[in-house]
Protein chains: 2
Amino acid sequence: MQSGPRTPRERTTYHHGALREALLDGAREMLAERGVEGFSLSALARRLGVSTAAPYRHFADRDALLDALCVEGYALFGAALERAGRTADDPRALLHALGVAYLTFAREHPAVFGVMFAERGDAVIDAGAPTFEPLVDAVVAAQDVGALPAGTDPRVLSRTIWASLHGLAVLSRQRGFVKLRIDDDDEALVRDALALLLR
Amino acid sequence: MQSGPRTPRERTTYHHGALREALLDGAREMLAERGVEGFSLSALARRLGVSTAAPYRHFADRDALLDALCVEGYALFGAALERAGRTADDPRALLHALGVAYLTFAREHPAVFGVMFAERGDAVIDAGAPTFEPLVDAVVAAQDVGALPAGTDPRVLSRTIWASLHGLAVLSRQRGFVKLRIDDDDEALVRDALALLLR
DNA sequence: GACTGCATGTTGACGACTTTAACATTCGCC
DNA sequence: GGCGAATGTTAAAGTCGTCAACATGCAGTC
């Protein structure tokens, strides 16, 4: 009756007891260890000491499990952004904190981050919607103090800043900046980007 | 002795004659039609009317074929950027043209673009290096006319602008901006971004 | 407390995929 | 003309995703 095991673990009970959570936990681990390409439902079931058909009692298919992980990821991501935002008072510092949190999340959960922003169903996209609200709020605050042009649609500004952060996250995650022969940390990446974006 | 067929095509000769090119062409098509997930070496071989083992005479494995496609893609991408750059004289117009070309390439070759910037080997990353030189050159030119701060390392500026464009490309490609309820075209995305980045 | 239904697991199988080893054919060169 | 290397084929192993048929046990009812 114990909960999700982490290594190929033999069960005494016929029912696992908490397979759904164990699948999510295990999938998260396997994703972190092997990446999306190396993620296999069969291997996951094996690791949990359960038959390869068992996961289908909890998820329609492999993609549904990944979708669930995405939704979970968006919640984590949104929480991280919101937490980071609370420490800052100045709108510039706020945007900086959000940016660093953005890159940090991408660096700490590279596989989940990758899956979250890969081609997924509409349900996943909808789940992601609230995640980025802190960013829009911060942009509006920055407009109020003149750090961003007041006359422009805040959604347009948010989109640009979001894209900049996202691009930094994606490119640094896959060592894209190696091509420019600079290898700065998240802090510097965000600082330099905001130096250009804000006034 | 004819070259690569596009549909399951029967051959009269034992040797295909141009299997390597046919594989690359076919892979490009299949990638465009079905995306990376839907890309299968077996299906490709079948479509070319060749055994499933045949591709292994030309590529070490599935990934090697995709790598080759990436290298090809970088060349195409770089050429597109360079071509777009030639039409503009003003550095601001130059950056704008490069940006639009960036988004256009991502939109027209979404699958290849995705593979190019997915986690790939070092060889692929090296192959991508020259692709982004036009961008660095344009940044320097923009510094000269005061559109970008002159005192800053151009590589740092390039990195920021590159990330912005890349983020725009990635997020608009996967409908990320749906969350902000705006659905502009590439032109508008780039214009708004550069309005913030340049002075 | 036995009965029963539903959630949850297992078994076994199918078809597709990647990859390899062993064998066949042909091209190009001496 | 002959021969080796390049390029195909066949057959197989091993993995994976998925499903149908069957087994088990938990929960609630009489």
Side-chain angles (χ1 to χ4, degrees), chain A residues 1-5 8-27 30-31 33-69 111 115 118-121, chain B residues 1-5 8-27 30-31 33-69 111 115 118-121:
Chain A
M1 183 63 60
Q2 60 273 355
S3 73
R9 173 89 146 276
E10 67 292 344
R11 225 160 58 253
T12 68
T13 55
Y14 183 88
H15 285 91
H16 180 285
L19 185 53
R20 187 168 213 281
E21 282 70 25
L23 283 169
L24 288 171
D25 292 348
M30 184 173 293
L31 223 52
E33 291 167 9
R34 306 212 197 289
V36 203
E37 305 283 315
F39 172 75
S40 144
L41 212 47
S42 315
L44 177 55
R46 218 175 300 130
R47 186 193 287 207
L48 296 178
V50 100
S51 79
T52 75
Y56 289 86
R57 295 296 171 194
H58 299 276
F59 298 97
D61 54 18
R62 188 192 124 107
D63 262 358
L65 210 181
L66 290 178
D67 281 355
L69 237 45
V115 179
E119 296 123 22
R120 308 221 68 79
Chain B
M1 184 62 57
Q2 60 273 356
S3 74
R9 171 89 145 278
E10 67 293 343
R11 224 158 61 254
T12 69
T13 55
Y14 183 88
H15 286 93
H16 180 284
L19 185 52
R20 186 167 214 283
E21 283 67 25
L23 284 168
L24 288 170
D25 293 348
M30 185 173 292
L31 224 53
E33 290 166 10
R34 306 211 196 291
V36 203
E37 305 284 314
F39 171 74
S40 144
L41 214 46
S42 320
L44 177 55
R46 217 175 302 129
R47 187 192 287 207
L48 296 179
V50 99
S51 80
T52 75
Y56 290 86
R57 293 297 171 194
H58 299 277
F59 298 97
D61 54 19
R62 188 193 123 108
D63 262 359
L65 209 180
L66 290 177
D67 282 355
L69 237 46
V115 178
E119 297 123 20
R120 307 223 68 79

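These figures come from a predicted structure and were not determined experimentally. Protein chains get the first letters and strands the later ones, always in sequence-line order, with residue 1 at the start of each. Values below: all heavy atoms of this structure, side chains included; hydrogens, waters and symmetry mates excluded.
- Rounding to whole angstrom units, CZ of residue B/Arg57 and P of C/dA22 are separated by 12 Å.
- Between B/Leu41 atom CG and D/dT15 atom P there is a gap of 19 Å when expressed in whole angstrom units.
- Of the side-chain N and O atoms in B/Arg46, none sit less than 4.0 angstrom from OP1 or OP2 of C/dA16.
- Dashed line: the shortest gap from a side-chain N or O of B/Ser40 to OP1 or OP2 of C/dT18 is under 4.0 Å.
- Counting any heavy atom pair closer than 4.0 Å across all strands shown, B/Ser42 reaches a base atom.
- One interatomic measurement links the two molecules: CZ of A/Arg20 to P of C/dG9, which rounds to 12 Å at whole-angstrom precision.
- OP1 and OP2 of D/dG17 both lie 4.0 Å or more from every side-chain N or O belonging to A/Thr52.
- Nearest to the side chain of B/His58, among D/dC19, C/dG9, D/dG8, sits D/dG8.
- Taking CG of A/Asp61 as the start and CG of A/Asp67 as the end, the distance is 8.0 Å to the nearest 0.5 Å.
- Atom-to-atom, CG of A/Asp61 to C1' of D/dC19 comes out at 12 Å; the value is rounded to the nearest Å.
- Separating the CD atom of B/Glu21 from the P atom of D/dT7 is a distance of 10 Å, rounded to the nearest angstrom.
- Rounded to whole Å, atom P of D/dC16 lies 9 Å from atom CE of A/Met30.
- Spacing between atom CG of A/Leu48 and atom C1' of C/dG9 amounts to 13 Å, rounded to whole angstrom units.
- Each of B/His15 and B/Ala53 was matched to the nucleotide of DNA chain C holding its nearest heavy atom; the match closer to the 5' end belongs to B/Ala53.
- Taking CG of B/Leu48 as the reference point, atom CG of B/Asp25 lies at 9.0 Å (rounded to 0.5 Å).
- The side chain of B/Ser51 has D/dT10 as its nearest neighbour among C/dC17, D/dT10, C/dT10.
- B/His15 contributes no side-chain N or O that, together with a main-chain N or O of B/Gly17, makes up a donor-acceptor pair within less than 3.5 Å.
- Dashed line: the shortest gap from a side-chain N or O of B/His16 to OP1 or OP2 of D/dT9 is not under 4.0 Å.
- No donor-acceptor pair under 3.5 Å is formed between the side chain of B/Arg46 and the backbone N or O of B/Ser51.
- Atom OG of A/Ser42 is separated from atom CZ of A/Arg47 by 13.0 Å, given to the nearest 0.5 angstrom.
- Taking atom CG of residue A/Leu19 and atom P of nucleotide C/dT10, one finds them 8 Å apart after rounding to whole Å.
- The nucleotide whose nearest atom lies closest to any side-chain atom of B/Ala43 is, among D/dT18, C/dC17, D/dT9, C/dC17.
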